[in-house]
Amino acid sequence: QVHLVESGGGLVQAGGSLRLSCVASGRTFSTYAMGWFRQAPGKEREFVAVISWNGGRVYYADSVKGRFTISRDNTKDTVYLQMNSLKAEDTAVYYCAGDTAWDGVRYVATYWGQGTQVTVSS
């Protein structure tokens, strides 16, 4: 079992930056991929980014590519999402996801955090 706790959300103006953090506990952190997903009001949860167990591979949704950066520190059991050049359409609840994988159709995850709100004002 894995417990995930996100932090770092908030209100920011368009063009600004935020860094989300997610601390994991339970299963050995360095044994699974980590991801970030988001859900905007009235929309389905969508994939944002994923990072492999050792940080060697990362993938991003097209909507955030070039603006967001996912990283991890296995010595701190923490994954980060640096968000730059934020847009109003980035407004959503952002979820940290443990054991993220591609199932052939989409990214899915086994473990979920409680979510942190990111609001971008235009």
**Q** Enter the distance from D99:CG to Y111:OH here, rounded to the nearest 0.5 Å.
**A**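 The CG atom of D99 sits 6.0 Å away from the OH atom of Y111.
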**Q** Starting at SG of C96, measure out to CD of Q114 and round the result to the nearest 0.5 Å.
**A**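 So the gap between those two atoms works out to 9.0 Å.
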**Q** Would you mind writing out the side-chain donor-acceptor pairs for residues 115-122 within the sub-3.5 Å range, not counting sequence neighbours?
**A**
from: T116; atom 1: OG1; to: G9; atom 2: N; distance (Å): 3.3
from: Q117; atom 1: NE2; to: A92; atom 2: O; distance (Å): 3.4
from: Q117; atom 1: NE2; to: T119; atom 2: OG1; distance (Å): 3.3

**Q** Would you mind listing the cluster partners of V23? Hydrophobic ones only (ILVMFWY), side-chain contacts under 4.5 Å, chaining allowed.
**A**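 When side chains under 4.5 Å apart are linked, V23 ends up in no cluster with other residues.
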**Q** Measure the spacing between OG of S21 and NZ of K76 and express it to the nearest 0.5 Å.
**A**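 Answer rounded to 0.5 Å: 9.5 Å.
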**Q** When rounded to the nearest 0.5 angstrom, what distance separates OH in Y59 from CZ in F47?
**A**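 So the gap between those two atoms works out to 10.0 Å.
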**Q** Among all residues two or more places apart in sequence or in another chain, which pass the side-chain hydrogen bond (donor to acceptor under 3.5 Å, both in side chains) test with S85?
**A**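 In terms of side-chain hydrogen bond (donor to acceptor under 3.5 Å, both in side chains), with neighbours along the sequence ignored, S85 is linked to no residue.
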**Q** Taking side-chain contact (heavy atoms from CB on, under 4.5 Å) as the definition, give me every residue that meets it alongside Q39, ordered by chain and number, with sequence neighbours left out.
**A**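 Listed in chain order: R45, Y95.
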**Q** Among all residues two or more places apart in sequence or in another chain, which pass the ring pair (Phe, Tyr, Trp, His ring centres under 6.0 Å) test with W53?
**A**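 Partners of W53 under the ring pair (Phe, Tyr, Trp, His ring centres under 6.0 Å) test: none.
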**Q** Who are the side-chain hydrogen bond (donor to acceptor under 3.5 Å, both in side chains) partners of R67, not counting sequence neighbours?
**A**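 With neighbours one apart ignored, the set is D90.
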**Q** Are I70 and Y60 packed together at the side-chain level, in the sense that at least one heavy-atom pair is separated by less than 4.5 angstrom?
**A**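 Sidechains of Y60 and I70: in contact.
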**Q** Which pair of non-hydrogen atoms, one from L4 and one from G98, has the smallest distance, and what is that distance?
**A**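 Smallest heavy-atom distance, with atoms named: CD1-N, 3.5 Å.
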**Q** If you group Ile, Leu, Val, Met, Phe, Trp and Tyr whenever their side-chain heavy atoms sit less than 4.5 Å apart, what else falls in with V5?
**A**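 Its cluster partners, ordered by chain and number, are none at all.
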**Q** If I take atom CG from residue N74 and atom CG from residue N54, how far apart are they, to the nearest 0.5 angstrom?
**A**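 If we round to the nearest 0.5 Å, N74:CG and N54:CG are 8.0 Å apart.
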**Q** Not counting sequence neighbours, which residues clear side-chain contact (heavy atoms from CB on, under 4.5 Å) with V108? List them please.
**A**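 Residues passing side-chain contact (heavy atoms from CB on, under 4.5 Å) with V108: D103, R106.
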**Q** With side-chain contact (heavy atoms from CB on, under 4.5 Å) as the criterion, how do F68 and L81 come out once you've worked through the C-alpha distance, each side chain's angles and the decisive distance to 0.1 Å?
**A** CA-CA 7 Å; F68 290 11; L81 185 68; 4.1 Å; yes
**Q** Going by the rule salt bridge (Lys or Arg N to Asp or Glu O under 4.0 Å), which residues pair with K65 if we only count those two or more places apart in sequence or in a different chain?
**A**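 Partners of K65 by the salt bridge (Lys or Arg N to Asp or Glu O under 4.0 Å) criterion, ordered by chain and then number, come out as D62.
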**Q** Could you report the tightest heavy-atom contact between V79 and S71, atom names first, then the distance?
**A**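 Here V79 and S71 meet closest at CG2-O, 3.1 Å.
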**Q** Please tabulate, one pair per line, all N/O donor-acceptor pairs under 3.5 Å involving side-chain atoms of residues 10-20, not counting sequence neighbours.
**A**
from: S17; atom 1: OG; to: N84; atom 2: OD1; distance (Å): 2.9

**Q** For E46, check side-chain hydrogen bond (donor to acceptor under 3.5 Å, both in side chains) against everything at least two apart and list the hits.
**A**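 Expected list: R38.
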**Q** Less than 3.5 Å apart, which donor and acceptor atoms pair up between the side chains of residues 29-37 and the rest of the protein, not counting sequence neighbours?
**A**
from: T31; atom 1: OG1; to: R27; atom 2: NE; distance (Å): 3.4
from: T31; atom 1: OG1; to: T28; atom 2: O; distance (Å): 2.6
from: W36; atom 1: NE1; to: Y80; atom 2: O; distance (Å): 3.4

